[in-house]
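Side-chain atoms are counted along with the backbone in the values below, which use heavy atoms only and exclude waters and symmetry mates. Sequential numbering from 1 along the given sequence is applied to the chain's residues.
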Amino acid sequence: MLSLFKPRVLWGIFIMLILLYVVSLYHRIPHTDDAWLGEHAYWFSKEGYVKSELLRGFDHQQEKLLSNHKLETYIGGFFISVFGFSLYTLKSSTLVLFAIFIVVLIFYMRRRFLQYKRIVIPFSLNLLIGSALIFEYSFVFRPEILLMLLGFVSFIFLERFLVKGKPIYNAIISGVFAGLAAFGHLNGLTFMVSGGLMLLVNKRYKALVLFAIFSVVAFSMYFLGFHDAQDFLLWKEQLTYAPSEDNMVRGIFSLFLNNILDEHMRFFHSPKEISISVLIIFSLIVLLINVKENDRINLSFRYLIIMMISLAFIAIQRTSKYSIIYYPYYIILISELYTYIYKKGASFIRNHWSSRLFVLLLLVFLITNTVYSAILTSKKWDMHKENELMILKYIDEDPKDIIIASPMIYIFDHNIEHFKRIQAILYFSKLEVNNQIDERKQFLLEGDKDHINYYFLSNTFMKNLGMQGYKKGDVLYGKFKIIESRPDWMVIKRE
């Protein structure tokens, strides 16, 4: 038990975790969002605005897409313009942001826990890398890591102003970074709400006004490229009926009510979320009972609670990946309990129930999440090889004249440039889910309106679109021939 309070042991755990992380990067399997959001960055880098051919047919997305994650898209577009469009260009853009976050976290933890930095820094890094959510999404082209970074910087400057009594410009800088977080993803509005409420509660009204002004100015960049009222109506439509937000169409009241009632799902979705949720709840209870009148702990705790409440209203989905933005505050508060126990001495660590339970919960978190991370590491994907086996071997014509419908990830390996157009088979699955086609196989007639030549279906979409009972050689509607049918893959060609 004492070993977890020794720097050498902590660094040893960190080395093992970081080695696993590095190994996982090689041929890491693509995430659907790498392609879904990556296509936005591709078109921005190529044409200077965002659209989506993958989801052609959804709310004019093939013309322009205004409800994208703006700052994330711009960063991805920059990386594409420098390094070219590829799966690992997009993933690496997130990895760079994650590296910056680690630097910021180390800098912050060194200052906050100056006397105990030898144990707190490796401990906090183990909490970070040890999280299966962080392990996965720090190498996925999504905005959560960007939000975590920008929101944490906003918090640091807010804390400097409220706790340390630094000049008011710190509140202004905090507001700017909160606004930039919202510019990166609308969930970043959480930081604008949390920062503003903390200033309000502390009766810092002048700072609150400045924080609000500068955060709104920074956030207003989200609307760059909106030219008229019609663009705002299109943005509202695309946001309201986004294919990823299947519950957006409900009324506002029922939406908020369901959000609050279902919010627990974000924290108790699976063992990896449950383990960190139980650890942070236990840490908060022990700290609130035993550590009194600590302004920094109180600020961190209140800020986290306000974030959780505001995100419950703002975020549409209950997905656990949105909770990534909480991790800096998880790390801070768990580290506070860790140092509290450490200061009590060896006898307390060995014998007191709170110390023993804390170590148990910590081990459960690390072991559970490492198992998830190891499973992810074991799944390798050679994009070029998969593309040749699953797509290219079935096509004899010049790809420049061919339109295909496939899983999103097949835009990589230069397919997005080689084919005339690629549409996501997900589009047709959504039509079925929303009862916009009478029978599931009718998606072929819908695709024919867009002159699609080939359809590539994974087993998931074979099931969703009612194609599991068909075999190679079958012809549907007189012109759609199944040229490959396996349990995991089907290819349909329009004759």
Original post:
What's the spacing between Leu361 CG and Ile281 CD1 if we round to 0.5 Å?
Top reply: 10.5 Å
Original post:
Taking atom types as modelled and ignoring hydrogens, do the side chains of Tyr108 and Glu159 form a donor-acceptor contact shorter than 3.5 angstrom?
Top reply: yes
Original post:
Can you name the closest pair of heavy atoms from Leu199 and Ala207 and give their distance?
Top reply: CD1-O, 3.9 Å
Original post:
Does Phe79 have any ring pair (Phe, Tyr, Trp, His ring centres under 6.0 Å) partners at least two apart in sequence or in another chain, and if so, which?
Top reply: Phe83
Subject >> side chain to side chain donor-acceptor pair (under 3.5 Å) partners of Ser138, counting only residues at least two apart >> reply: Tyr21
Original post:
Hey, is the main chain of Leu10 close enough, under 3.5 Å, to the side chain of Asn126 for a donor-acceptor pair?
Top reply: yes
Original post:
So, the side chain of Arg266 versus the backbone of Thr319: is there a donor-acceptor pair under 3.5 Å, distance only?
Top reply: yes
Original post:
Parallel, tilted or perpendicular: which describes the rings of Phe358 and Phe123, with under 30° parallel and over 60° perpendicular?
Top reply: tilted
Original post:
To the nearest 0.5 Å, how far apart are CG in Asp413 and CZ in Phe85?
Top reply: 11.0 Å
**OP:** Using ring pair (Phe, Tyr, Trp, His ring centres under 6.0 Å) as the criterion, list what pairs up with Trp489, not counting sequence neighbours.
**Re:** Tyr410
Original post:
Is the number of heavy atoms from other residues, nucleotides or ligands under 6.0 Å of Lys164 NZ greater than 12?
Top reply: yes
**OP:** Determine whether more than 12 heavy atoms belonging to other residues, nucleotides or ligands lie under 6.0 Å from atom CZ of Phe268.
**Re:** yes
Original post:
Do Phe155 and Phe191 make the cut of ring centroids closer than 6.0 angstrom?
Top reply: no
Subject >> Ring-ring centroid check Phe219 Phe223, cutoff 6.0 Å >> reply: yes
**OP:** Mind listing the closest non-hydrogen atom pair of Met408 and Ala35 along with its distance?
**Re:** O-CB, 3.4 Å
Original post:
Are the side chain of Glu386 and the backbone of Met383 linked by a donor-acceptor contact shorter than 3.5 Å?
Top reply: no
Subject >> Check: Ser86 side chain, Thr89 main-chain N or O, donor-acceptor pair, under 3.5 Å >> reply: yes
Subject >> Side-chain donor/acceptor of Gln238 to backbone N/O of Asp59, under 3.5 Å >> reply: yes
Original post:
Would you call Leu20 and Phe135 a side-chain contact if the rule is heavy atoms closer than 4.5 Å?
Top reply: yes
Original post:
Just wondering, do Lys343 and Tyr116 contact through their side chains at under 4.5 Å, heavy atoms?
Top reply: yes
**OP:** Measure the shortest side-chain to side-chain distance between Glu144 and Tyr322 over non-hydrogen atoms and say whether it is less than 4.5 angstrom.
**Re:** yes
Original post:
What pairs with Thr73 under side chain to side chain donor-acceptor pair (under 3.5 Å), at least two apart in sequence or on another chain?
Top reply: Asn68
Original post:
Should Phe152 and Phe177 be marked as a ring-ring contact (aromatic ring centres under 6.0 Å, His included) after you check the CA-CA gap, both sets of side-chain angles, and the distance that decides it?
Top reply: CA-CA 9 Å; Phe152 187 45; Phe177 277 95; over 10 Å; no
Subject >> Stepwise side chain to side chain contact (heavy atoms under 4.5 Å, CB included) check, Leu25 with Phe139 >> reply: CA-CA 8 Å; Leu25 301 182; Phe139 202 53; 3.6 Å; yes
**OP:** Using the side-chain contact (heavy atoms from CB on, under 4.5 Å) rule, pick out the option among Asn294, Asp295, Asn202 that qualifies with Val163.
**Re:** Asp295
Original post:
Does a salt bridge link Arg296 with Glu336, judged by any charged N lying under 4.0 Å from a carboxylate O?
Top reply: no
**OP:** Give, for atom OG of Ser24 and atom NZ of Lys379, the distance between the pair rounded to the nearest 0.5 Å.
**Re:** 13.0 Å
Original post:
Taking everything shown except Tyr340 itself, do over 12 heavy atoms lie less than 6.0 Å from its OH?
Top reply: yes
Original post:
Is the backbone of Ser310 close enough, under 3.5 Å, to the side chain of Thr190 for a donor and an acceptor to pair up by distance?
Top reply: no
Subject >> More than 12 heavy atoms of other groups within 6.0 Å of Phe348 CZ >> reply: yes
**OP:** Compare every heavy atom of Leu186 with every heavy atom of Ile314, then report the nearest pair and how far apart it is.
**Re:** CG2-O, 3.7 Å
Original post:
Does the side chain of Tyr303 reach to within under 4.5 Å of the side chain of Leu158, using non-hydrogen atoms?
Top reply: yes
Original post:
Got more than 12 heavy atoms from elsewhere within 6.0 Å of CZ, Phe282?
Top reply: yes
Original post:
Does any non-hydrogen side-chain atom of Phe161 lie less than 4.5 Å from one of Phe211?
Top reply: no
Original post:
Is there a donor-acceptor contact under 3.5 Å from the side chain of Lys385 to the main chain of Trp381?
Top reply: no
**OP:** To the nearest 0.5 angstrom, please state how far the NE2 atom of His384 sits from the CG atom of Leu389.
**Re:** 9.5 Å
**OP:** Say whether, by atom type as modelled, one donor and one acceptor occur between the side chain of Asp34 and the main chain of Phe141 under 3.5 angstrom.
**Re:** yes
Subject >> Pairwise distance CG(Leu146) to CZ(Phe183) - rounded to 0.5 angstrom >> reply: 9.5 Å
Subject >> Test side chain to side chain contact (heavy atoms under 4.5 Å, CB included) applied to Ile29 and Ile409, step by step >> reply: CA-CA 10 Å; Ile29 59 172; Ile409 58 174; over 6 Å; no
Original post:
Any side-chain heavy atom of Ile274 sitting closer than 4.5 Å to one from Thr368?
Top reply: no
**OP:** Establish, from distance only, whether the side-chain atoms of Thr339 and Arg112 form a donor-acceptor pair under 3.5 Å.
**Re:** no
Original post:
Relative to each other, are the rings of Tyr427 and Phe58 parallel, tilted or perpendicular (30° and 60° limits)?
Top reply: perpendicular
Original post:
Take atom NZ in Lys380; do more than 12 heavy atoms of anything else shown fall under 6.0 Å from it?
Top reply: yes
Subject >> Short side-chain to backbone donor-acceptor contact, Arg28 and Glu136, under 3.5 Å >> reply: yes
Original post:
How far apart are the C-alpha atoms of Leu426 and Phe461, what are their side-chain angles, what is the distance that settles it, and do they pass the side chain to side chain contact (heavy atoms under 4.5 Å, CB included) test?
Top reply: CA-CA 8 Å; Leu426 173 70; Phe461 291 110; 4.2 Å; yes
Subject >> Which atom of Met307 lies closest to which atom of Ser194, heavy atoms considered >> reply: CG-OG, 3.2 Å
Original post:
What residues form a salt bridge (charged side-chain N to carboxylate O under 4.0 Å, His left out) with Glu39, not counting sequence neighbours?
Top reply: none
**OP:** Decide side chain to side chain contact (heavy atoms under 4.5 Å, CB included) for Lys91 and Val140; before the verdict, give the C-alpha distance in whole Å, the side-chain angles of both, and the deciding distance to 0.1 Å.
**Re:** CA-CA 5 Å; Lys91 284 182 174 294; Val140 173; 4.2 Å; yes
**OP:** Would you name the heavy atoms of Met462 and Arg486 that are closest together and state the gap between them?
**Re:** CE-O, 3.4 Å
Original post:
Under a 4.5 Å cut-off applied to non-hydrogen side-chain atoms, are Ile349 and Ile341 in contact?
Top reply: yes
Original post:
What distance do Tyr329 atom OH and Leu299 atom CG have between them, rounded to the nearest 0.5 Å?
Top reply: 10.0 Å
Original post:
With no hydrogens and no angle check, is any side-chain donor or acceptor of Lys166 less than 3.5 Å from a backbone partner on Arg160?
Top reply: no
**OP:** Write out all pairs satisfying side chain to side chain donor-acceptor pair (under 3.5 Å) with one or both partners inside residues 275-288, taking only residues at least two apart or from two chains.
**Re:** Ser275-Asn369
Original post:
Do you know the tightest heavy-atom contact between Tyr222 and Leu66?
Top reply: OH-O, 4.0 Å
**OP:** Report yes if some heavy atom in the side chain of His352 is under 4.5 Å from a heavy atom in the side chain of Lys344; otherwise report no.
**Re:** no
